[in-house]
Peer 1: 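Would you mind keeping the following structure in view while I ask a few things?
All values below come from the heavy atoms of this structure, side chains included, with hydrogens, waters and symmetry mates left out.
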2 protein chains.
Amino acid sequence: MLNGVSDLLEPDADALALTSVLQALADDQRLTIVRELAAQGEAACGAIDLDVSKATRSHHFKVLRESGLTHTRVEGTHRWVSLRRDDLDSRFPGLLDALLAAQPAR
Amino acid sequence: MLNGVSDLLEPDADALALTSVLQALADDQRLTIVRELAAQGEAACGAIDLDVSKATRSHHFKVLRESGLTHTRVEGTHRWVSLRRDDLDSRFPGLLDALLAAQPAR
DNA sequence: GCAGCAGTTCGACCGCGATCGAACACGTAT
DNA sequence: ATACGTGTTCGATCGCGGTCGAACTGCTGC
């Protein structure tokens with residue numbers, strides 16, 4: 001790696017596809033991750049406890065990143081993940097807020 | 001059929017599951033249907049043109065209905081389908097508006 | 001009755017995605 | 001150098017969902 005800082009490939013805000021975003025969100029594990037990120041701001045992949053293997057966890061983070069939902073910052077041995085709130089709010093105003101406000105079914 | 005009027009089984013507003021709703025929305029064909037219903041108010045299944053077979057079309061309407069996104073009213077040989085706007089707005093405030101306002105990717 | 005139209009259901013096909021263990025890559029601490 | 005911790009990648013399995021044609025149901029019109 002030439003530069004010390006390294007971010008992973010993520011789609012431009014303009015290019016975010018609604019279907020891909022919805023697809024990424026339509027999974028309980030990933031919805032958990034998104035909620036946790038919304039609450040914690042930025043978190044290491046492993047810091048969010050899911051009841052799946054490392055490989056599966058990594059897969060879910062990849063789906064979130066490639067759909068444009070999250071930003072990933074590489075630092076040492078950790079990957080710091082955060083929600084792309086600004087990009088999402090500008091591209092799909094109100095969507096994220098609506099999701100995070102959703103109450104569990106009664 | 002005993003009574004003339006007949007509606008199909010649909011989940012209660014309280015019971016709508018976010019994941020199921022998102023899953024139902026995470027498909028281009030179904031997103032097209034939802035947008036069309038939002039624009040037209042109520043439409044017959046066949047009145048929305050999709051580039052799929054009758055069977056597939058029927059499948060998509062079923063997914064939308066069972067996730068709680070649409071209401072279906074049976075009248076003669078037609079099925080009139082409409083968005084459950086009120087239920088969705090009360091269960092997931094802002095979600096539908098955000099979806100319908102979404103612009104295509106640039 | 002019979003034909004035709006609207007829509008569903010059935011069975012099958014097929015690809016995609018969620019999942020896992022194992023191997024790997026990379027950074028860090030000893 | 002060795003070992004460990006964090007996370008990714010690979011290959012495989014497996015179930016689910018989108019798709020179709022064909023058969024079916026139910027209503028309407030002739």
Peer 1: Between B:Q29 and D:dT19, does any side-chain N or O lie under 4.0 Å from OP1 or OP2?
Peer 2: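 Indeed, a polar side-chain atom of B:Q29 lies that close.
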Peer 1: Quick check for you: among C:dG7, D:dT6, D:dC20, whose closest atom lies nearest to any side-chain atom of A:H78?
Peer 2: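 Of the options given, the side chain of A:H78 lies nearest D:dT6.
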Peer 1: I need the A:L22 CG to A:L95 CG distance, nearest 0.5 Å.
Peer 2: 6.5 Å
Peer 1: In whole Å, I'd like the distance from the CZ atom of B:R65 to the P atom of C:dG7.
Peer 2: 12 Å
Peer 1: Would you please confirm or rule out a distance under 4.0 Å between OP1 or OP2 of D:dG26 and any side-chain N or O of B:T77?
Peer 2: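 Indeed not, no polar side-chain atom of B:T77 lies that close.
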Peer 1: For the residue pair B:R84 / B:H71, report whether a side-chain donor-acceptor contact shorter than 3.5 Å exists.
Peer 2: no
Peer 1: Could you see if B:V21 belongs to whatever hydrophobic cluster contains A:L31? Use Ile, Leu, Val, Met, Phe, Trp, Tyr and a side-chain cutoff under 4.5 Å.
Peer 2: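 Yes; A:L31 is reachable from B:V21 via cluster members.
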Peer 1: Base, sugar-phosphate, or nothing: which does A:H59 touch, judged by heavy atoms less than 4.0 Å apart?
Peer 2: base
Peer 1: Let me know the distance between CZ of B:F61 and P of C:dT8, rounded to the nearest Å.
Peer 2: 8 Å
Peer 1: Can you find a side chain N or O atom of A:R57 that sits less than 4.0 Å from OP1 or OP2 on C:dA18?
Peer 2: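 No, because none of the side-chain N or O atoms of A:R57 sits under 4.0 Å from OP1 or OP2 of C:dA18.
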Peer 1: Write down the distance between NZ (B:K62) and C1' (C:dT9), rounded to a whole number of angstrom.
Peer 2: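 Value for this atom pair: 8 Å.
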Peer 1: Given atom CZ of A:R73 and atom C1' of D:dT6, what is their separation to the nearest angstrom?
Peer 2: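 Nearest whole value for this atom pair: 15 Å.
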Peer 1: Look at the side-chain N and O atoms of B:S53 and state whether any lies under 4.0 Å from the OP1 or OP2 oxygen of D:dC20.
Peer 2: yes
Peer 1: For D:dT8, does OP1 or OP2 lie under 4.0 Å from any side-chain N or O of A:S58?
Peer 2: yes
Peer 1: Calculate the interatomic distance between B:I48 atom CD1 and C:dG7 atom C1'; express it in whole Å.
Peer 2: 14 Å
Peer 1: Whole angstrom is fine here: how far is it from CD in A:E66 over to P in C:dG17?
Peer 2: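 Interatomic distance, CD of A:E66 to P of C:dG17: 11 Å.
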Peer 1: Compare side-chain N and O positions of A:H60 against OP1 and OP2 of C:dT19 and report whether any pair is under 4.0 Å apart.
Peer 2: yes
Peer 1: Are the side chains of A:F61 and A:T72 in touch, meaning some heavy atoms are under 4.5 Å apart?
Peer 2: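 Of all side-chain heavy-atom pairs linking A:T72 with A:F61, none is under 4.5 Å.
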Peer 1: On DNA chain C, nearest-nucleotide positions of B:K54 versus A:T56: which is more 5'?
Peer 2: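 Looking at DNA chain C, the more 5' nearest nucleotide goes with B:K54.
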Peer 1: Grab the CD-C1' distance between B:E75 and C:dG7 for me, whole Å please.
Peer 2: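 Checked: the CD to C1' distance equals 15 Å.
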Peer 1: Could you measure the distance from the CG atom of A:D97 to the CZ atom of A:R85? Nearest 0.5 Å is fine.
Peer 2: 6.0 Å
Peer 1: Report the distance from atom CD of B:Q23 to atom P of C:dG17, rounded to the nearest whole Å.
Peer 2: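 Going from CD in B:Q23 over to P in C:dG17 covers 12 Å.
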